[in-house]
Number of protein chains: 2
Amino acid sequence: MNAVAGDSKVATKQRLIEAAEALFADEGFDRVSVRDITTKAGANVAAVNYHFGSREGLVAVVLARYINPVNEERLARLEALERKVGGKPVPVEEVLEAFVRPFATQVRRSELSEKLFFKLMGRMFGQEGCNLPPVVETVFVTMLSRFQKAFAKSLPGLAAEDVWWRIHLMAGAMIHTMAHAETLQRFSGGDSGSPTLEQTLSRFIRFAAAGMRQGSEEPQEAEKPKGPQVEFPF
Amino acid sequence: MNAVAGDSKVATKQRLIEAAEALFADEGFDRVSVRDITTKAGANVAAVNYHFGSREGLVAVVLARYINPVNEERLARLEALERKVGGKPVPVEEVLEAFVRPFATQVRRSELSEKLFFKLMGRMFGQEGCNLPPVVETVFVTMLSRFQKAFAKSLPGLAAEDVWWRIHLMAGAMIHTMAHAETLQRFSGGDSGSPTLEQTLSRFIRFAAAGMRQGSEEPQEAEKPKGPQVEFPF
DNA sequence: ATGAAATTAAATCAATCGTTTGACAGACTC
DNA sequence: GAGTCTGTCAAACGATTGATTTAATTTCAT
């Protein structure tokens, strides 16, 4: 059944992309066949190969569609942050905000539901195969390098090695939370509530900030987290 | 029937399991075919269906082989911990230690390399499909519930909802770190060093402990982490 | 309106998937 | 020794995979 179409002349290419995104988010990149995608998009089996050259080509398009904007917005936010504070170190919370906020920005640009979008992003950033198109990988590497430097400056005295490991742990918390949010609900028996996006972002930032600096510093006057904040004043 | 006379007969089943584990760790549960497994094990294609009923049966065996021991050791360690301290709350670091130490215990019981073992565990605990055999799922749920109570007692005044979310973030950091350790190395350009298992465990525990309590409490006299500790005295 | 290009549908490709079959050899019980 | 399990094997099963071909249709500038 077609879930995307409605207007039969909406560009087939676009319908394919949207169908692929929803299916990839739901079942993972591996478990979805070309026929699953074309069926859902109401298109012919050959359409994928016509428009994207191959299944892999479609995957690459889907990957690049969000990863690049997210990473570029991350970079832009970090640069704006550093411009703001001059040469001084940026509070860890603000670096983290620059790191995760782009997801909230891009989720609105997407036609996917919030839940599906984050599942998809979690799969993208969490998948190992990581056959990222070269362009995507390039942006990714430079972005990570920039954030490593920013964190290193915000956590003076910390060895580069430790900065990398804390970034890795921090990113793991973020990715896993995005990809498996509903698993938490299943295991907690509903005790995990139904937080808004802002609440979840805030929860992550506070958790990650504490982990990044590990009490080895005084919490630097953290900016009040935006959005509805009920549970936990700093 | 239980005569183990034939040496190569029992070995086939075992070889299949070990081959499957290595391949699953390397490429993920989805990307490995039955023929990949039987070829690597030097067995016939039909062997998997003969010994395990189906491919899914083999997957279930592989899943249960480590998940159950890990979760049971987690429970045992937590109970020993609570017995030790009487009714008092356990320091967060010690609860976390009970949560991750079993991986270090079980890695030695395994014939896989350290790297492959953790990749496999990361995939198991991180995969979403989570078609865990019912027995495995049962142990999993009770174990999580017990740890939630322990963390709640160690973090007084924290709402159950927040405890669940911090556990989720904590587990994400752990799982992602286990599954994608080599990704860190690739992205950091070698700047992430070559830490020992104990160093990595210690890094995780300190990161997670800080995130769990988020500076909302004084760090409770944490036990000195075992193993080689050079970088970061508490 | 016409011709060229774009896009589709339908059929088909070889390859691979998980699974099944039936035969066969060895080891055991009676 | 007949009968009966168990484990293994080559071979093949039908189904599905990603990809390709062929022909018909639509789109659009001229």
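Lettering follows sequence order; numbering is per chain, from 1.
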Practice item. Could you tell me whether the side chains of B:S188 and A:Q148 share a donor-acceptor contact shorter than 3.5 Å? Key: no

Check your understanding: In whole angstrom, what separates B:R15's CZ from D:dG7's P?
Key -> 13 Å

Point to revise | Rounded distance (nearest 0.5 Å) linking atom CE of B:M143 with atom CZ of B:F140 | key: 6.5 Å

Review point. Between B:R35 (CZ) and D:dC13 (C1'), how many Å, whole number?
Key: 11 Å

Practice item. Answer with yes or no whether the side chains of A:R206 and A:S202 bring together a donor and an acceptor at under 3.5 Å. Key: yes

Check your understanding: Is A:S33 near enough to D:dT17 that one of its side-chain N or O atoms lies under 4.0 angstrom from OP1 or OP2?
Key -> yes

Study note, to complete from the structure: dist B:F204:CZ -> A:R166:CZ (nearest 0.5 Å) comes out at 14.0 Å

Check your understanding: Can you check whether B:F103 and B:F117 have ring centres sitting under 6.0 Å from each other?
Key -> no

Review point. What integer distance in Å separates A:K13:NZ from C:dT7:P?
Key: 9 Å

Practice item. Figure out the CG/C1' separation between A:D30 and C:dG18, and round it to whole Å. Key: 17 Å

Check your understanding: For the helix from C:dA1-D:dT30 to C:dA27-D:dT4, what angle lies between the axis at the first five pairs and the axis at the last five pairs, to 10 degrees?
Key -> 10°

Point to revise | Atom-pair distance (CZ on B:F29; P on C:dG18), nearest Å | key: 14 Å

Exercise for review: Specify whether A:F24 and A:F29 have parallel, tilted or perpendicular ring planes, treating 30° as the upper limit for parallel and 60° as the lower limit for perpendicular.
Suggested key: tilted

Review point. In Å, rounded to the nearest 0.5 Å, how long is the span from CG of B:L144 to CG of A:L184?
Key: 9.5 Å

Practice item. Could you tell me the separation between the CZ atom of B:R31 and the C1' atom of C:dG18, rounded to a whole number of Å? Key: 19 Å

Review point. Given atom CZ of A:R55 and atom P of D:dA19, what is their separation to the nearest angstrom?
Key: 8 Å

Check your understanding: Which residues within residues 45-52 of chain A lie with some heavy atom under 4.0 Å of an atom in DNA chain D?
Key -> A:A46, A:N49

**Study point:** Length of the line joining A:Q14:CD and C:dT7:P, which is rounded to integer Å
**Key:** 14 Å

Practice item. Starting from the C-alpha separation in whole Å, work towards a yes-or-no answer on side chain to side chain donor-acceptor pair (under 3.5 Å) for A:E73 and A:T105. Key: CA-CA 9 Å; A:E73 186 180 337; A:T105 305; 2.7 Å; yes

Check your understanding: Within the structure, does a side-chain N or O atom of B:T12 lie under 4.0 Å from either OP1 or OP2 of D:dT8?
Key -> yes

**Study point:** D:dA10 phosphate, OP1 or OP2, under 4.0 Å from B:N44 side-chain N/O
**Key:** yes

Practice item. Measure up the B:H168 and B:W165 rings against each other and bin them: parallel (under 30°), tilted (30 to 60°), perpendicular (over 60°). Key: perpendicular

